[in-house]
S.K.: 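Below you'll find the structure I mean.
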2 protein chains.
Amino acid sequence: MPDNKKRSDCPISSSLEVWGDKWSLLIVRDLMFAKQCTYGDFLKSAEKIATNILASRLQTLEENGIITKSDHPDSKAKVLYQLTQKGIDLLPLMVEINLWAEKYYDLPADRKASLNEVKKDKEGFIKKTARELKKSSY
Amino acid sequence: MPDNKKRSDCPISSSLEVWGDKWSLLIVRDLMFAKQCTYGDFLKSAEKIATNILASRLQTLEENGIITKSDHPDSKAKVLYQLTQKGIDLLPLMVEINLWAEKYYDLPADRKASLNEVKKDKEGFIKKTARELKKSSY
DNA sequence: TATTTTTGCTTGCACTTTGCAAGTACAAAT
DNA sequence: ATTTGTACTTGCAAAGTGCAAGCAAAAATA
């Protein structure tokens with residue numbers, strides 16, 4: 001299903017056309033923070049995504065250059081999903097989502113604690129995490 | 001339609017449950033940057049949202065405390081939609097979306113120019129814009 | 001070597017949401 | 001008094017979602 005129709009040339013609109021749904025950024029989150037990178041990993045996440053939806057979202061994320069599929073080093077049966085640079089560049093956005101949600105929603109104590117670390121040095125956290133994500137891709 | 005089922009206590013997931021769709025953040029954008037604040041204004045935006053979808057999104061944004069409805073000063077026939085503090089606090093997120101999209105999608109020259117201003121002093125832009133949004137609410 | 005399990009999907013189907021067009025009710029303008 | 005503007009609601013076909021089941025190749029186990 002090619003989603004060719006650009007609604008407008010607004011950057012917000014273009015972005016939402018790629019990842020503006022309830023699931024895509026959860027996959028990015030898993031790749032970014034939880035280091036989960038196989039199909040089965042994503043299925044196991046707390047939000048219980050349906051397998052057909054997962055397959056569909058992985059495909060559109062790949063088509064839009066946010067993730068890549070490659071052979072998993074451990075097994076031919078596994079597929080390794082990884083963030084591209086375009087995907088890694090979503091990190092500042094993901095940090096802001098976390099900070100916004102922290103202000104308005106209850107979240108687990110450990111999450112709050114690590115977000116306080118992020119707040120102390122947002123730039124530093126982003127640089128460090130981006131560097132780590134880059135290292136793990138090759 | 002009460003959407004009571006929380007998928008998880010992850011802040012990303014909680015956020016996406018509120019505004020994780022293709023339209024909600026466009027309404028926020030209109031309120032934030034284009035100073036559009038009536039039902040008709042939203043309908044007129046470039047992306048051509050369907051009227052029933054607009055009504056539905058305005059309702060959930062209001063239910064989730066991101067916008068408020070009030071009497072329009074100009075006319076009893078009009079309704080004034082405004083961002084709450086919770087809505088204004090989405091500003092850093094909206095800025096990051098703009099910056100991400102600027103890197104990967106073509107956008108109009110005037111948009112690029114104003115984003116370059118934002119990049120020069122991100123903090124300053126956010127503070128200034130948030131202050132203006134607060135002034136216009138009462 | 002044969003069988004079972006793991007892994008990454010696809011398919012079928014009921015249910016929900018979306019998007020387009022049309023309609024409605026009240027306020028304001030003519 | 002009639003038309004226009006504004007904020008919606010309603011009907012309906014088409015598309016998308018979510019659950020369960022199925023499937024094929026690879027890996028692990030017997």
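Note that these values count all heavy atoms, side chains included, but never hydrogens, waters or copies made by symmetry. Here is how names work: the chains are called A, B, and so on, in the same order as the sequence lines, proteins then strands, and each is numbered from 1.
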S.K.: Please table the atom pairs, donor to acceptor, closer than 3.5 Å between any side-chain atom in residues 48-58 of chain B and protein atoms at least two apart or in another chain.
M.R.:
residue, atom, partner, partner atom, Å
Thr51(B), OG1, Tyr39(B), OH, 2.7
Arg57(B), NE, Asp21(B), OD1, 3.2

S.K.: Keeping Ser15(A) on the side-chain end and Ala101(B) on the backbone end, is there a donor-acceptor pair under 3.5 Å?
M.R.: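 It does not hold such a pair.
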S.K.: List DNA chain C stems (3 or more consecutive Watson-Crick/G-U pairs, under 3.5 Å)?
M.R.: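 Only these stems qualify: C:1-30 with D:1-30.
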S.K.: For a quick check under 3.5 Å, do Thr68(A) and Gln82(A) share a side-chain donor-acceptor pair by atom type?
M.R.: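 Short answer, no.
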S.K.: Within the side chain of Lys22(A), is there an N or O that forms a donor-acceptor pair under 3.5 Å with the backbone of Leu16(B)?
M.R.: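 Judged by distance alone, yes, a pair lies under 3.5 Å.
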S.K.: To the nearest angstrom, how far is Asp21(B) atom CG from dT18(C) atom P?
M.R.: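 One finds 7 Å between P of dT18(C) and CG of Asp21(B), rounded.
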S.K.: Sort and list the pairs that fulfil salt bridge (charged side-chain N to carboxylate O under 4.0 Å, His left out) and have at least one residue in residues 88-109 of chain B, not counting sequence neighbours.
M.R.: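 Those involving residues 88-109 of chain B are Asp89(A)-Lys103(B), Lys103(A)-Asp89(B), Glu96(B)-Lys122(B), Glu102(B)-Lys119(B).
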S.K.: When the distance from CD1 of Ile49(A) to P of dA20(D) is rounded to whole Å, what number comes out?
M.R.: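 In whole Å, dA20(D) P and Ile49(A) CD1 are 16 Å from each other.
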S.K.: Output the rounded distance in Å from CG (Asp71(A)) to C1' (dG8(C)).
M.R.: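 In whole Å, dG8(C) C1' lies 13 Å from Asp71(A) CG.
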S.K.: Rounded to whole angstrom units, what separation is found between the CG atom of Leu54(B) and the P atom of dA21(C)?
M.R.: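 Distance, rounded to whole Å: 17 Å.
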S.K.: Any heavy-atom pair between the side chains of Phe33(A) and Asn98(A) that's under 4.5 Å?
M.R.: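 The answer is yes, as the side chains (C-beta and beyond) meet within the 4.5 Å cut-off.
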S.K.: Using the side-chain contact (heavy atoms from CB on, under 4.5 Å) criterion, which residues pair with Lys69(B)? Sequence neighbours excluded.
M.R.: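 Once residues adjacent in sequence are excluded, the partners of Lys69(B) under the side-chain contact (heavy atoms from CB on, under 4.5 Å) criterion are Glu62(B), Val79(B), Tyr81(B).
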S.K.: Output the rounded distance in Å from CG (Leu16(B)) to P (dT17(D)).
M.R.: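 To the nearest whole Å, that distance equals 14 Å.
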S.K.: Partners of Glu117(A) by salt bridge (Lys or Arg N to Asp or Glu O under 4.0 Å), sequence neighbours excluded?
M.R.: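 Partners of Glu117(A) by the salt bridge (Lys or Arg N to Asp or Glu O under 4.0 Å) criterion, ordered by chain and then number, come out as Lys120(A).
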S.K.: Let me know the distance between CD of Glu17(B) and P of dT17(D), rounded to the nearest Å.
M.R.: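 Rounded to the whole Å, the gap is 15 Å.
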S.K.: To the nearest Å, how far apart are Lys22(A) NZ and dT17(C) P?
M.R.: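 Roughly 10 Å, once rounded to whole Å.
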S.K.: Generate the contact string for nucleotides 1-12 of chain D. Rules: B means base contact, S means sugar-phosphate contact only, - means no protein heavy atom under 4.0 Å.
M.R.: -----SSBBBB-
S.K.: For dG18(D) and Arg57(A) - does any side-chain N or O of the residue sit under 4.0 Å from the phosphate oxygens OP1/OP2?
M.R.: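 For dG18(D), neither OP1 nor OP2 has a side-chain N or O of Arg57(A) closer than 4.0 Å.
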S.K.: Taking only the side-chain heavy atoms of Trp23(B) (C-beta and beyond), determine which of dG19(C), dT17(D), dA26(D) contains the nearest atom.
M.R.: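 Side chain of Trp23(B) sits closest to dG19(C).
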S.K.: With a 4.0 Å cut-off, would you call Arg7(B) and Glu17(B) a salt bridge?
M.R.: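 The answer is yes: the pair qualifies as a salt bridge.
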S.K.: Could you state the atom-to-atom distance from CD1 of Ile53(A) to C1' of dC15(C) in whole Å?
M.R.: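 Distance, rounded to whole Å: 13 Å.
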